[in-house]
Amino acid sequence: MKQTVGTFFELGGRNTMEVLAAAGLDYIVIDREHGCFSAEETADYIRVAELGNTLPYVRIPAGSRTEVLHMLDIGARGLIVPNITDIQQVKDLVEYGKFPPLGKRGYCPNRTTVYGAKEWGRNPLAYMKETNRRVKLYPQCETLEALEHIEEIAAIDGVDGIFIGPLDLSIAMGIPLQTDHPDLQAAISRILAACHAAGKEALIFAGRKEDEERYFAQGFDSVALGLDAMILLDAYRNLLK
Ligand code: 3PY
Ligand code: MG
């Protein structure tokens, strides 16, 4: 499978999304955990990302049924769910986010099928099957509790992969933001192995290009590289040097 590269969208704004989507990224994570975007704004960002042929993922603030359904109904192609602290949260995520046989997602052909206008949106069984395939569910591993149960979490049917949050994980481990620390690296290797043993994708955030290269060399399926705001800041600072 192709290794993919994404980034985090924090700045907001349709123009910003249009520019990012033109950059050739595989996906853009609209960050509703840390970014203050309404559902309506998020729907517009999703539309703009799609126009630029970039997959719109959404990091949701918490995995409530309402949030999962709303974000999927407006067309998010993947959900990243932060701060997982127990296995039941992940089982609930699958229940809310996937149709049978994997879960119990509420049925409503929505804007992903242009409200049923697309052929595959008209046949309910085809719609549910295709939607389960298209929509990815990625719980984050960034707490000690998630790390402790990572093999079990990665093996849950309907979980498409695990997204590692190395920053929060390092804080939880008492080695804040020391992304090169051997204990953090050992935890990252364990999560990667758990994902691949379960046949799932392993995704991770990298704040530096050299981390991205190291993670790809280790066998990660995907790296979300940087935050838009910090990349913009660095670019201007470099110009002014
Ligand atoms: C973390 O590193 O904690 C993240 O959530 C990255 O996005
Ligand atoms: Mg985090």
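For ligands, and for the atoms within them, numbers begin at 1 and follow the listed sequence. Bear in mind that the values here come from a model prediction, so they are computed numbers and not experimental data.
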Aromatic contact, Phe220 with Tyr215 (centres under 6.0 Å): yes
Tyr127 and Tyr107 aromatic centres sub-6.0 Å: yes
Side-chain donor-acceptor pair present, Gln89, Thr85, cut-off under 3.5 Å: yes
Under 2.8 Å from the Mg ion (ligand 2), the protein N, O or S atoms, given as residue and atom: Glu142 OE1, Asp168 OD2
All pairs passing salt bridge (Lys or Arg N to Asp or Glu O under 4.0 Å) where residues 173-200 contributes a residue, at least two apart: Glu151-Arg190, Asp180-Arg208, Asp180-Arg214
Salt bridge (Lys or Arg N to Asp or Glu O under 4.0 Å) pairs, two or more places apart, involving residues 14-34: Lys2-Asp26, Arg14-Asp44, Asp31-Arg59, Arg32-Glu67, Glu33-Arg59
Pair Asn132-Lys129, side-chain donor/acceptor within less than 3.5 Å: no
Salt bridge present between Arg47 and Glu50 (N-O < 4.0 angstrom): no
Over 12 foreign heavy atoms within 6.0 Å of NE2, His70: no
For the student: nearest non-hydrogen atoms of Ile188 and Gln218, plus distance: CG2-NE2, 4.4 Å
Enumerate, one pair per line, all nitrogen or oxygen atoms of ligand 1 lying under 3.5 Å from a protein nitrogen or oxygen, stating the separation to 0.1 Å; write 'none' if no such pair exists.
| unit_1 | atom_1 | unit_2 | atom_2 | d |
| --- | --- | --- | --- | --- |
| ligand 1 | 2 (O) | Pro166 | N | 3.2 |
| ligand 1 | 2 (O) | Leu167 | N | 2.7 |
| ligand 1 | 3 (O) | Glu142 | OE1 | 3.0 |
| ligand 1 | 3 (O) | Asp168 | N | 2.9 |
| ligand 1 | 3 (O) | Asp168 | OD2 | 3.0 |
| ligand 1 | 5 (O) | Arg59 | NH1 | 2.8 |
| ligand 1 | 5 (O) | Gln140 | NE2 | 3.1 |
| ligand 1 | 5 (O) | Glu142 | OE1 | 3.1 |
| ligand 1 | 7 (O) | Arg59 | NH1 | 3.2 |

